[in-house]
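Reckoned from all heavy atoms, side chains included, excluding hydrogens, waters and symmetry mates.
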Amino acid sequence: MPPPPSSLPPRVLPNLVSCSRRAVTSAATAAAAAYSTAAAAGGGGGGGRPLRYAVLGAGFAGLSVAWHLLKHSPKGSRVRVDIYDESGIGGGASGVSGGLLHPGIIRPPTSEKTADILLESSLQSCSLQVLDSDEAQCLIPGLCVPLNFAVYMPLALNINPKKYLQVALFFACQNMSDEASLSSSEQKECKLYNEHVDDLQQLAGDYDSVIICLGARASSLPELTNKLPLRTCRGVIAEFQLPSDTIETYGSQSPSILSDAWLAFQGPRTVSIGSTWQWKSENYSSSVSDDEALNAMEELLPKASAVYPGITKWKFVQARAGIRAMPPLTANGSLPLLGCLNDVIGKRSNCSFWLVGGLGARGLLFHGLAGKLTAKAVISCDENLIPPEFTCWKEP
């Protein structure tokens with residue numbers, strides 16, 4: 001799994017650093033204690049049943065948690081991770097995302113306000129270059145640069161979300177399980193179930209912990225109804241291709257574009273353009289009606305053509321949609337919601353419940369870090385391993 005990106009709001013970075021130092025010091029001790037307790041009770045050891053974890057959701061958050069549970073489980077332990085998602089891997093908003101890692105690939109600002117924000121940004125971990133029009137157009141022939149400069153991030157990534165989730169991340173979970181099976185001292189299993197879970201208590205008797213990574217659907221669980229400060233937002237993206245009789249193509253070395261709309265190029269003849277924002281939507285369907293697709297194109301194409309006029313030569317293929325789970329805005333920005341849910345739902349069993357939610361439009365950015373922090377906390381039974389910026393949503 002790729003290392004988690006570290007482009008977090010500057011005010012959060014110092015606290016995360018200090019917390020990570022505490023976590024490194026205490027994680028091994030806490031994990032060993034948790035494992036010893038489980039082994040004494042017959043779980044996790046060579047002769048007892050394995051430690052069992054249920055992960056609800058097979059998007060960025062869920063698969064990241066699953067991978068880190070397998071990765072960081074105590075050496076010599078027996079661990080089973082069951083992933084539940086009725087829509088399959090990447091069947092929700094994660095699979096519909098553009099695959100761009102913010103703050104951008106190349107970004108030509110279209111307003112003075114955006115320009116000021118970009119120029120004043122101080123992103124410690126990013127390698128940013130300010131290009132003039134000529135330099136930007138060398139990277140992307142035909143690029144329109146309204147304010148005569150663009151910000152270029154050469155180290156940014158543009159991935160295919162579906163392939164990353166299905167081929168890379170889930171395969172990594174299975175591969176880790178297969179490698180562990182070759183050892184006589186430990187056993188790791190990871191299985192996917194295309195099943196809907198509508199009641200947490202139905203899993204409580206079978207698992208040591210249940211980690212909820214359902215995005216906007218988390219609030220539909222009866223135990224969490226009206227208890228999570230999440231806002232729903234439906235987003236539609238439009239996919240375009242160059243007609244087969246068009247000779248010119250998008251440069252294989254040209255970066256994708258982030259502006260008022262983003263253009264995520266997947267090869268020289270395919271691009272996804274996004275995204276619309278429909279707040280408080282309850283439409284969870286990934287399919288898009290003709291009217292919704294038309295409205296999306298009427299909104300997105302003018303924004304896309306303002307920076308890349310050549311998009312008008314491309315042909316619309318299809319539209320896809322997903323529901324984002326948007327977190328509340330805090331003094332530290334819009335951060336994911338992490339933490340133990342036992343007090344939130346009222347624990348009624350020996351099973352513990354955890355949440356990874358509210359990744360919003362930054363699932364690709366946050367999923368590595370959120371998954372690692374949560375998995376270590378789950379294994380250690382210690383929520384304090386998670387920085388308080390991510391758990392303060394539970395405070396009254």
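Applying the 6.0 Å contact sphere to CG of Asp198 captures more than 12 heavy atoms from other residues, nucleotides or ligands. By the 6.0 Å contact criterion, NZ on Lys163 is open, its count of non-hydrogen atoms from other residues, nucleotides or ligands being 12 or less.
Residues Ser281 and Thr232 bring no donor and acceptor atom of their side chains to less than 3.5 Å of each other.
Shown here are the side-chain contact (heavy atoms from CB on, under 4.5 Å) partners of Ser289, two or more places apart in sequence or in another chain: Asp291, Glu292.
A donor-acceptor pair under 3.5 Å links the side-chain atoms of Glu383 to the main chain of Cys340, judged by distance alone. In this structure, the side chain of Gln266 engages the main chain of Ile159 through a donor-acceptor pair within 3.5 Å. In this structure, the side chain of Ser305 engages the main chain of Pro302 through a donor-acceptor pair within 3.5 Å. Here the side chain of Trp393 pairs a donor or acceptor atom with the backbone of Leu338 at under 3.5 angstrom.
Taking the six-membered ring where the residue is Trp, Tyr193 and Tyr84 present parallel rings, their angle staying beneath 30° rather than reaching 60°.
Between Trp262 and Ser256 there is no side-chain heavy-atom pair separated by less than 4.5 Å. Using a 4.5 Å cut-off on side-chain heavy atoms (C-beta onward), Phe149 and Pro109 make contact.
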For this session: Dump the intermediate steps for side chain to side chain contact (heavy atoms under 4.5 Å, CB included) on Leu203 and Asp82, then the final yes or no.
Result: CA-CA 11 Å; Leu203 300 175; Asp82 292 338; over 6 Å; no
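The stretch residues 243-252 participates, sequence neighbours left out, in these side chain to side chain donor-acceptor pair (under 3.5 Å) pairs: Glu248-Lys313. Listed by first and then second residue, the side chain to side chain donor-acceptor pair (under 3.5 Å) pairs involving residues 267-280 are Ser275-Arg324 (not counting sequence neighbours).
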